[in-house]
Amino acid sequence: MDPNNSSPDISFEFPTFFRIYKDGRVERLKGTEVVPPSTDPETGVRSKDIVLSLESGLSARIFLPKLPDPTRKLPLLVFIHGGAFVIESPYSPLYHNHAALLTSEANVVVLSVHYRRAPEHPLPVAYEDSWEALQWAAAHSNRNGPETWLNDYVDFDRVFVGGDSAGATLTNHVVHRAGVHGLSGAKIVGMILFHPYFGNEKPNKLLEVIFPACSGLNDPRVNPGKDPKLGDIGCGRVLVFVAEEDFFRDRAWAYYEALKKSGWGGVVEIVESEGEDHVFHLFNPSCDKAVEMVKKVVSFINQD
């Protein structure tokens with residue numbers, strides 16, 4: 001990262017991710033490709049795009065597995081994508097395919113949230129959008145919400161929230177918020193953190209740019225392991241994935257240890273993939289270690 005890029009037109013650059021120009025334009029350098037919603041002819045998974053808030057533009061892509069018994073209610077996974085809070089979306093090939101895979105393998109309804117991204121919408125906008133999306137989904141527990149797939153097919157006593165990288169940071173925030181403030185209409189059973197992008201005591205230039213309201217290096221929104229109220233997390237089970245070669249590995253382990261010592265009464269498990277790097281499972285979902293991750297998620301969601 002070099003905020004003093006040599007180009008006279010660039011005010012900030014996060015290499016390979018995005019640039020901010022002095023005239024206010026934002027150029028994303030990857031994570032802009034999109035694929036349409038679809039029906040997978042092999043798995044029968046269907047997807048469609050929905051709007052959660054006309055006012056803000058908050059939206060999502062929802063995935064429904066093949067339904068041998070349409071009367072059977074299924075768990076809901078609210079999924080929050082990564083991309084440094086700046087790139088990617090539920091509509092990108094990486095996240096469409098990942099959500100569809102989890103839908104099929106775990107036999108869950110997946111709501112993949114399209115929060116408003118920085119830098120056009122500085123943090124904490126993404127935190128607020130993610131919380132609003134979770135509340136919006138839970139409001140369907142009365143079977144009279146705007147989205148029929150949620151009304152008809154979801155068991156709101158079996159809600160899970162998951163995300164990868166920056167999306168895992170957002171996931172932790174909304175599940176903790178549910179623990180502190182409550183979540184009307186739904187029970188969050190578990191939280192899944194894929195290679196979380198947590199902060200630590202080292203300065204982070206990206207966050208300085210996209211999160212000007214951050215209270216500092218120990219702000220619990222970015223460094224939840226330092227949250228004195230971490231034990232208020234709003235679920236009974238947590239699954240954390242880390243990768244051995246990931247720059248953020250040690251931070252996830254520190255979070256795991258902090259959660260165990262926080263007084264929280266739940267069960268936390270951490271799984272490390274040897275020899276792998278950050279979110280490798282998105283780029284190589286058929287490799288053995290990625291397959292094992294999905295199997296672990298399936299077991300975690302369908303555990304009695």
Side-chain angles (χ1 to χ4, degrees), residues 38-47 60-82 90 93-113 134 137 149-150 153-165 167-168 171-172 174-175 186-196 233 235-244 246 252 256 266-274 276 278-304:
S38 60
T39 298
D40 189 312
E42 293 186 8
T43 65
V45 170
R46 289 180 282 164
S47 60
R61 178 164 290 180
I62 188 169
F63 296 78
L64 186 70
K66 190 175 182 179
L67 299 169
D69 179 4
T71 66
R72 179 188 174 197
K73 296 296 188 285
L74 304 174
L76 171 67
L77 171 61
V78 177
F79 185 83
I80 308 174
H81 73 85
L94 282 179
Y95 286 104
H96 174 92
N97 293 337
H98 183 56
L101 178 64
L102 295 177
T103 302
S104 174
E105 294 296 319
N107 200 34
V108 293
V109 179
V110 173
L111 183 73
S112 186
V113 179
L134 181 59
W149 287 2
L150 295 179
Y153 303 120
V154 167
D155 178 354
F156 287 94
D157 286 327
R158 291 192 292 160
V159 174
F160 295 80
V161 187
D164 71 293
S165 193
T171 294
N172 178 83
V174 299
V175 176
K187 178 182 179 181
I188 303 176
V189 176
M191 175 172 73
I192 308 169
L193 306 177
F194 299 87
H195 306 169
I233 205 91
C235 64
R237 292 192 282 128
V238 173
L239 176 61
V240 183
F241 289 103
V242 298
E244 183 183 22
D246 189 355
Y256 165 76
V267 177
V268 59
E269 181 178 2
I270 192 165
V271 177
E272 180 163 332
S273 301
E274 294 182 3
E276 299 292 350
H278 193 63
V279 297
F280 73 93
H281 59 286
L282 295 179
F283 299 96
N284 192 9
S286 61
C287 74
D288 290 345
K289 292 186 176 70
V291 171
E292 288 301 315
M293 286 177 66
V294 171
K295 288 180 179 178
K296 189 68 181 179
V297 171
V298 171
S299 175
F300 183 78
I301 290 176
N302 293 288
Q303 177 179 326
D304 293 330

Check for a donor-acceptor pair, side chain of R237 on one end and backbone N or O of F300 on the other, with a separation under 3.5 Å. yes
S47 side chain to S38 main-chain N or O, any donor-acceptor pair under 3.5 Å? yes
Flag side-chain contact, heavy atom, 4.5 Å: E272 against E244: yes
Take R46 and W149 through the side-chain contact (heavy atoms from CB on, under 4.5 Å) test and state the conclusion after the steps. CA-CA 11 Å; R46 289 180 282 164; W149 287 2; 3.8 Å; yes
Of the non-hydrogen atoms in A168 and G163, which two are nearest, and what is the gap between them? CB-O, 3.3 Å
What's the spacing between H281 NE2 and L94 CG if we round to 0.5 Å? 9.5 Å
For the ring pair F79 and H98, is the centre-to-centre distance below 6.0 Å? yes
Test item: V271 and M293 side chains (from C-beta on) under 4.5 Å apart, heavy atoms: no
Ion pair check, K295 and E292, cut-off under 4.0 Å: yes
Which pair of heavy atoms, one from L150 and one from V109, lies closest together, and at what distance? CD2-CG1, 4.3 Å
Does the side chain of I188 come within less than 4.5 Å of L134's, by heavy atoms? yes
Taking the side chain as everything from C-beta on, heavy atoms only, tell me whether F194 gets closer than 4.5 Å to V297. yes
For F241 and K296: C-alpha separation, side-chain torsions, deciding distance, then whether side-chain contact (heavy atoms from CB on, under 4.5 Å) applies. CA-CA 10 Å; F241 289 103; K296 189 68 181 179; 3.9 Å; yes
Determine whether T103 and T43 make a side-chain contact, defined as any pair of heavy atoms from C-beta on separated by less than 4.5 Å. no
Look at the side chain of N284 and the backbone N and O of F280, then say whether any donor-acceptor pair between them is shorter than 3.5 Å. no
Do you know the tightest heavy-atom contact between A252 and I270? O-CD1, 4.2 Å
Can any side-chain N or O of D164 pair as donor or acceptor with the backbone N or O of G82 at less than 3.5 Å? yes
Indicate yes or no for a side-chain donor-acceptor contact from H195 to the backbone of V279 under 3.5 Å, with no hydrogens or angles considered. yes
Heavy atoms, side chains only, cut-off 4.5 Å: are L64 and Y153 in contact? yes
Please give me the minimum heavy-atom distance between N107 and K66, naming the atom from each residue. OD1-O, 4.1 Å
Evaluate whether atom CG of D288 has more than 12 neighbouring non-hydrogen atoms of other residues, nucleotides or ligands under 6.0 angstrom away. no
Roughly how far, to the nearest 0.5 Å, is the CG atom of N172 from the SG atom of C235? 9.0 Å
Do V238 and Y256 make a side-chain contact, defined as non-hydrogen atoms from C-beta onward lying under 4.5 Å apart? no
Please give me the minimum heavy-atom distance between A243 and H278, naming the atom from each residue. CB-N, 4.5 Å
Please answer whether the main-chain N or O of G167 pairs with a side-chain N or O of T171 as donor and acceptor at a distance below 3.5 Å. yes
4.5 Å side-chain heavy-atom contact, L77 and F63: no
For L74 and P65 the tightest heavy-atom approach is CD1-CG, 3.6 Å
